[in-house]
Amino acid sequence: MDLILTPSSPLLGKRIAEEIKIKIARVQFKRFPDGELYVRVDSENSEHLVVCSLTSSDDLVILKLLFDTLKGEIILVVPYMGYARQDREFMRGEAISIRAIARNLEEKAERIITVNIHSEKAKENFKKLLDLNAMPLIGKYYKEKDLIMISPDKGSAERVKVAAKVASCDWDWLEKRRIDAQTVEISTKRIDVENKNVVIVDDIISTGGTVVEATKKLYELGAKRVECACVHAVLADFAAVKLLSSGIAEIVATDTVEKIFSKISVAELVKEAVLENLK
Ligand code: R5P
């Protein structure tokens with residue numbers, strides 16, 4: 001089996017190849033002046049492991065082009081499954097984006113491995129999906145540190161509970177109301193963070209709006225220091241600046257989306273899943 005690196009996940013792809021001890025195939029990606037993408041793969045192998053986070057629409061085109069040229073079996077690792085937040089028809093006539101993506105990917109991949117897909121609802125659209133949980137890795141990163149983990153909403157509380165158990169620390173959650181894609185409202189519930197080091201833990205940080213509002217509330221409640229950790233550091237536009245200028249002391253993320261904040265690698269987690277799948 002050869003591993004195919006793609007522009008969205010070169011570092012994680014390389015780490016996975018090293019973990020599994022498989023060859024990285026020679027690939028060429030280029031963009032024509034009109035914006036169209038071009039892909040060429042130099043591999044005679046009949047089995048491929050493709051590692052490609054869906055961080056933009058280009059990634060989807062790249063996958064379609066790879067599917068066209070790769071012969072034989074494909075195991076597809078999508079560390080960050082973009083489009084998963086549009087997992088239902090919120091308003092009549094809307095496309096269920098993740099359903100369209102699932103259909104596309106499953107047409108060619110034998111197996112799809114992802115990490116913390118956004119919701120159970122999103123997962124239901126796949127037949128060949130294995131969804132890995134990186135929360136224990138976040139827990140391990142904070143093990144034995146003097147802190148409390150906070151989920152910015154009740155929806156993420158179960159995930160945070162998993163991380164907190166591994167870290168052996170307390171945890172709690174806030175109440176969040178989403179107003180639109182950029183705006184959220186965080187309200188207080190009885191929560192004891194006075195004089196404590198707090199880590200806000202979420203699956204995705206996208207615009208940073210959720211974490212910024214949660215940070216404000218936590219400082220109001222007397223927190224000593226607030227940092228944030230997530231699986232997928234999407235960090236759209238100026239989110240990192242927004243976070244670091246709002247009093248967030250540190251941003252910690254995995255390498256499902258490759259950013260300078262990717263201090264935790266999911267490579268070993270993915271390796272185990274791939275090897276299990278090859279048995
Ligand atoms: C929402 O359900 C997710 O768990 C995240 O809280 C959300 O995606 C974060 O988005 P943003 O950073 O744009 O507030």
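All ligand and atom numbering here is 1-based and tracks the order in the structure.
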Review point. Would you call Glu94 and Arg92 a salt bridge, using N to O less than 4.0 angstrom?
Key: no
Practice item. May I ask you to decide whether Lys217 forms a salt bridge with Glu213, counting only side-chain N to carboxylate O separations under 4.0 Å? Key: no
Review point. Quick one: CD1 on Ile204 to OG1 on Thr210, what's the gap to the nearest 0.5 Å?
Key: 10.0 Å
Practice item. Report, as yes or no, whether the 6.0 Å neighbourhood of atom OH on Tyr38 holds more than 12 heavy atoms from other residues, nucleotides or ligands. Key: yes
Point to revise | NZ/Lys121: more than 12 non-hydrogen atoms of other groups inside 6.0 Å | key: no
Check your understanding: Which class fits the ring pair His232 and Tyr80: parallel under 30°, tilted 30 to 60°, perpendicular over 60°?
Key -> tilted
**Study point:** Contact check, Gly208 vs ligand 1, heavy-atom distance below 4.0 Å
**Key:** yes
Closest protein heavy atom (residue, atom, distance) for [atom]:
{"atom": "atom 14 (O) of ligand 1", "value": "Thr210 OG1, 2.5 Å"}
{"atom": "atom 6 (O) of ligand 1", "value": "Asp202 OD2, 2.5 Å"}
{"atom": "atom 9 (C) of ligand 1", "value": "Ile204 O, 3.4 Å"}
{"atom": "atom 10 (O) of ligand 1", "value": "Arg178 NH2, 3.4 Å"}
{"atom": "atom 3 (C) of ligand 1", "value": "Asp203 OD1, 3.4 Å"}

Check your understanding: Among Arg159, His118, Arg85, which residue places a heavy atom closest to atom 1 (C) of ligand 1?
Key -> His118
Check your understanding: For ligand 1, does Thr207 get within less than 4.0 Å through its side chain, its backbone, both, or neither, judged by non-hydrogen atoms?
Key -> both
